[in-house]
Amino acid sequence: MARDIPGTPTGTPPGTLPSVYGSMSQVIAHRGASGSAPENTAAAMTEAVKQGADWAEVDVTISADGHAVIFHDNNLNRCSNGNGLVIQKTLKELEELDAGSWFSPFCAGEKILSLDALLQLADQLDLNLNLEIKPTIGREAETVWAIQQTLARASFGPSILLSSFNYFALKEAQSLLPHYTRALNVEAIPSDWQDRLDSVGAEGLHFASDFIDYNMIEEVVNAGTPLACYTVNDFETAQKLLRAGVSAVFTDYPDRLLLDARPVSQH
């Protein structure tokens, strides 16, 4: 069942949203519940579900030996006790690192997940996933291939949405994973947004909360294109975006948006 924010419109006329957007919840846990647990880890996924989310966004890249792994940065330094580039470490080397202590000593021992491991966990949690493809520049084909191979052998019941900032990654996904809903990530909504979506076969557009432009939002929504906004951690901004027709918001704190029923001021 979709999780929606109190006081916002729900339900979309049949046929106006493609693929997973038609049933997507309004709240997506950004890298899991990353405000409460180390991002992109099993703890963050489990916490997202505890907070009421049924969608989570994660970042997918590859290891030196070609396995799809869940990690946001190119470099290991910020979110683990390792150093150097993710793509220069084997899966075994990555799985030996501590991906939790940087966040809190109480999270020590959290591991970098392979996509295989994440899919198994998310399936158990009944957690839908937005897989953001984050390739090393020049390794787009290899990254999408690793994702395709993992998905092909997985038994996964919930929904999957693919997204990326990277043009070449989305073109590869269009070729290798054509049956999955895809979204283009941008910071600001560009004036040629429709041409950009068409060029990569993307159905949705995800934009940054630093660049909220309600005129552009209205244009995209009126065209029937699904919009999602990252990263929104306050209830009033989320309500305003959703009332403007944005399909979903990404948040580090799902419980703030799902459980806070304060009225929004009308302007």
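What you are looking at is a predicted structure, and each value in this text was computed from that prediction instead of being measured. Start at 1 with the first residue, then count along the sequence.
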Interatomic spacing from [atom1] in [X] to [atom2] in [Y] - rounded to 0.5 Å:
X: L161; Y: H206; atom1: CG; atom2: NE2; value: 5.0 Å
X: S34; Y: E57; atom1: OG; atom2: CD; value: 8.5 Å
X: N185; Y: N130; atom1: CG; atom2: CG; value: 7.0 Å
X: S247; Y: L241; atom1: OG; atom2: CG; value: 11.0 Å
X: I217; Y: L205; atom1: CD1; atom2: CG; value: 10.0 Å
X: E140; Y: S164; atom1: CD; atom2: OG; value: 8.5 Å

Can you see which heavy atom on [X] is nearest to which on [Y], and at what distance?
X: S175; Y: P178; value: O-CD, 3.6 Å
X: I160; Y: V20; value: O-CG1, 3.8 Å
X: S163; Y: L170; value: C-CD2, 4.3 Å
X: L127; Y: D54; value: CD1-C, 3.5 Å

Any chain of hydrophobic side-chain contacts (each under 4.5 Å) joining [X] to [Y]?
X: I212; Y: V249; answer: yes
X: V200; Y: I189; answer: yes
X: V186; Y: Y167; answer: yes
X: L85; Y: L76; answer: no
X: M45; Y: V60; answer: yes

Quick check: does any side chain N or O of N166 sit under 3.5 Å from a backbone N or O of A169, one acting as donor and the other as acceptor?
yes
Any donor-acceptor pair under 3.5 Å from D255 side chain to Q51 backbone:
no
Answer yes if the side chains of [X] and [Y] hold a donor-acceptor pair under 3.5 Å, and no otherwise.
X: N233; Y: D252; result: yes
X: D65; Y: S63; result: yes
X: Q194; Y: D198; result: yes

Would you call E96 and K92 a salt bridge, taking side-chain N to carboxylate O under 4.0 Å as the test?
yes
